[in-house]
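One structure is given below, encoded as structure tokens.
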Amino acid sequence: MKIATWNINGIKARIENVVHWLEEAKPDILCLQEIKSVDEQFPREPIEALGYHVETHGQKGFNGVAILSRLPFDEVTRGLPGNDGDEQARFMEGVFSTTRGALRVVSLYLPNGNPVASEKFTYKLSWMERLERWTKDRLKLEEPLILAGDYNVIPEPQDAKNPENWLDDALFQPESRQAFRRLSYLGMTDALRAVTDSPDTYTFWDYQAGAWQKNNGIRIDHLMLSPEAADRLASASVHKHTRAWEKPSDHVPVMVELLV
DNA sequence: ATGGTGGGACCCCCA
């Protein structure tokens with residue numbers, strides 16, 4: 001069972017790349033972030049033609065997440081609980097049936113939070129608190145659960161080519177890193193970090209200042225696994241080559257394989 | 001280097 005996450009920075013601009021990568025990597029489930037589309041305008045036909053079910057949680061212009069799956073959805077839930085006034089589309093959960101029981105997969109797009117001295121950063125931290133509460137509750141089910149997405153958090157200095165350049169950035173604030181670490185304390189496993197101690201596992205390279213050419217990247221796209229999912233983890237990989245494609249996203253796919 | 005690049009909506013915002 002192959003499960004992947006990819007921030008595509010606009011589905012309409014990226015549909016050809018997404019179709020190409022689905023054909024190449026053949027994930028069973030792909031979580032997308034920053035679809036930047038309302039549900040009605042998401043180009044589902046070319047994806048359904050490849051045999052995928054498509055569920056979206058979009059909004060106009062910004063944000064938006066989706067889950068593409070070869071397995072049919074048993075349930076879909078949209079939105080992260082804990083703030084009824086939050087209208088940003090950043091979280092959805094799909095539930096699937098496998099031969100070994102239920103599998104829960106979340107596609108999440110965590111707030112960027114910059115600049116640090118603004119309400120955007122407090123929104124980021126409160127969103128992370130809500131995520132922690134939601135995760136704590138779901139872990140009681142003792143099921144395989146995968147929280148996949150763009151966390152907008154650089155967990156450790158080794159997750160950036162130039163960590164000193166990120167000291168004033170919301171992605172590398174102590175509070176952001178602590179909140180990410182708290183997911184580990186709950187029992188969630190950072191899948192990519194669990195299978196490699198390589199420092200060069202970046203998942204994002206800025207469009208600006210030749211970041212890709214200099215390999216000036218950061219690791220901010222993560223798959224966090226519940227104990228029941230981590231027990232079945234076989235491999236994790238970063239599909240870095242897609243960053244060199246025509247019209248690339250600034251993020252690349254990250255994929256795990258579970259023995260299910 | 002107060003720029004640089006890119007997507008999407010609209011005459012500016014977000015990353």
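Each chain gets a letter, A, B and so on, in the order its sequence line appears, and its residues count up from 1.
Here A:E55 pairs with A:R78 in a salt bridge; the nearest charged N to carboxylate O distance falls below 4.0 Å. Look at A:D190 and A:R219 and you find a salt bridge, because one of the NZ, NE, NH1 or NH2 atoms lies within 4.0 Å of a carboxylate O, short of that distance. The residues A:R193 and A:E156 are annotated as not salt-bridged, no charged nitrogen and carboxylate oxygen being separated by less than 4.0 angstrom.
Remark: the separation of the C1' atoms in B:dA1 and B:dC11 is 28 Å, to the nearest Å. Separation of the C1' atoms belonging to B:dA9 and B:dC13 is 9 Å when rounded to the nearest angstrom. If you take atom P in B:dG6 and the same atom in B:dC10, they sit 23 Å apart, rounded to whole Å. Here, B:dC14 and B:dG4 have their C1' atoms 16 Å apart, quoted to the whole Å.
Rounded to whole angstrom, the span from the CG atom of A:N17 across to the C1' atom of B:dG7 amounts to 14 Å. Computed from coordinates, the A:K36 NZ to B:dG6 C1' distance equals 7 Å when rounded to whole Å. The interatomic distance linking A:N114 (CG) with B:dC14 (C1') rounds to 11 Å, in whole Å. Separating the CG atom of A:D206 from the P atom of B:dG3 is a distance of 17 Å, rounded to the nearest angstrom. Atom CD in A:Q213 sits about 17 Å away from atom P in B:dG4, given to the nearest Å. Distance CH2 (A:W245) to P (B:dG6): 18 Å, rounded to an integer number of Å. Atom CG in A:N63 sits roughly 10 Å away from atom C1' in B:dA15 (whole-Å rounding). Note: NZ (A:K214) to P (B:dT5) measures 12 Å, nearest angstrom.
Among the heavy atoms of the strands, none lies under 4.0 Å from A:A209. Using a 4.0 Å heavy-atom cutoff across all strands shown, A:Y109 reaches sugar-phosphate atoms only and no base atom.
Other residues, nucleotides and ligands place more than 12 heavy atoms under 6.0 Å from the NZ atom of A:K12. More than 12 heavy-atom neighbours from other residues, nucleotides or ligands sit within 6.0 angstrom of CG on A:D137.
Applying the 4.0 Å criterion to OP1 and OP2 of B:dG7, one finds that A:K60 has every side-chain N and O outside that range.
Out of B:dA15, B:dT5, B:dC14, the shortest distance to the side chain of A:Y207 is found at B:dT5. Checking B:dC14, B:dT5, B:dA9 against every side-chain atom of A:Q208, the shortest atom distance belongs to B:dT5.
Remark on DNA chain B: of its neighbouring residues A:G61 and A:N112, the 5'-side contact belongs to A:G61, judged by nearest-heavy-atom nucleotide. Nearer the 5' end of DNA chain B, as judged by each residue's closest nucleotide, is the contact made by A:I11, out of A:I11 and A:G113.
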